[in-house]
**Q** 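Sending over a structure as structure tokens; questions will come in a sec.
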Amino acid sequence: QQVTQQVTQQVTQQVTQQVTQQVKTLINVLDKEMNRLEIQEKLNLSDRENFRAKYLKPALEQGIIEMTKPDKPNSRLQKYRLTILGKQLKNKML
């Protein structure tokens, strides 16, 4: 248990240092499962490609957010939510 807490703390600190301002903004607006359009609207972003490249992709790659349908990444029903790591980062930023 203690080792798990230490490892989690270390990983959270390492990821926090690598998180861009865009991903931090994304973490702050993601408060439930949301689809791409809902997130873009909350961020006031109109360019889908910019959103994917600078917000969505980095957050997915760092394990901060996850897809609700990972087996169907292009599904029109796809939504995104914070992972445990994402929730920890959000709490740390508050």
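This one's a predicted model, so the numbers in the text were calculated from it and none came from an experiment.
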**Q** Just to verify, what does E38 make a side-chain hydrogen bond (donor to acceptor under 3.5 Å, both in side chains) with, not counting sequence neighbours?
**A**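 Applying side-chain hydrogen bond (donor to acceptor under 3.5 Å, both in side chains) to E38 gives none.
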**Q** Kindly compute the distance separating OH (Y80) from CE (M67), expressed to the nearest 0.5 Å.
**A**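 Y80 atom OH to M67 atom CE measures 5.0 Å (nearest 0.5 Å).
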**Q** Atom CD1 of I27 and atom CD1 of I64: how far apart are they, to the nearest 0.5 Å?
**A**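 Separation between the atoms: 4.5 Å.
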**Q** Could you grab the distance from atom CG of L30 to atom OG1 of T83, nearest 0.5 Å is fine?
**A**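 The CG atom of L30 sits 10.0 Å away from the OG1 atom of T83.
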**Q** Can you sort out the partners of K42 under side-chain hydrogen bond (donor to acceptor under 3.5 Å, both in side chains), two or more places apart, ordered by chain and number?
**A**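 Per chain and number, K42 pairs via side-chain hydrogen bond (donor to acceptor under 3.5 Å, both in side chains) with D31.
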**Q** Taking side chain to side chain contact (heavy atoms under 4.5 Å, CB included) as the test, write out the residues that go with T68, two or more places apart.
**A**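 Counting only residues at least two positions away or on another chain, T68 forms a side chain to side chain contact (heavy atoms under 4.5 Å, CB included) with E33, Q78, K79, R81.
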**Q** Could you tell me which non-hydrogen atom of N28 sits nearest to which non-hydrogen atom of K90, and how far apart they are?
**A**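 The pair with the smallest heavy-atom distance is O-NZ, 3.5 Å.
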**Q** Residues in side-chain hydrogen bond (donor to acceptor under 3.5 Å, both in side chains) with E41, at least two apart?
**A**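 Here no residue qualifies.
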**Q** Pairs under 3.5 angstrom only: tabulate donor-acceptor contacts from the side chains of residues 43-61 to other protein residues two or more places apart or in another chain.
**A**
from	atom 1	to	atom 2	distance (Å)
D47	OD1	E49	N	3.0
D47	OD1	N50	N	3.2

**Q** Output all residues satisfying side chain to side chain contact (heavy atoms under 4.5 Å, CB included) with K87, sequence neighbours left out; order by chain, then residue number.
**A**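 K87 satisfies side chain to side chain contact (heavy atoms under 4.5 Å, CB included) with L82 once adjacent residues are dropped.
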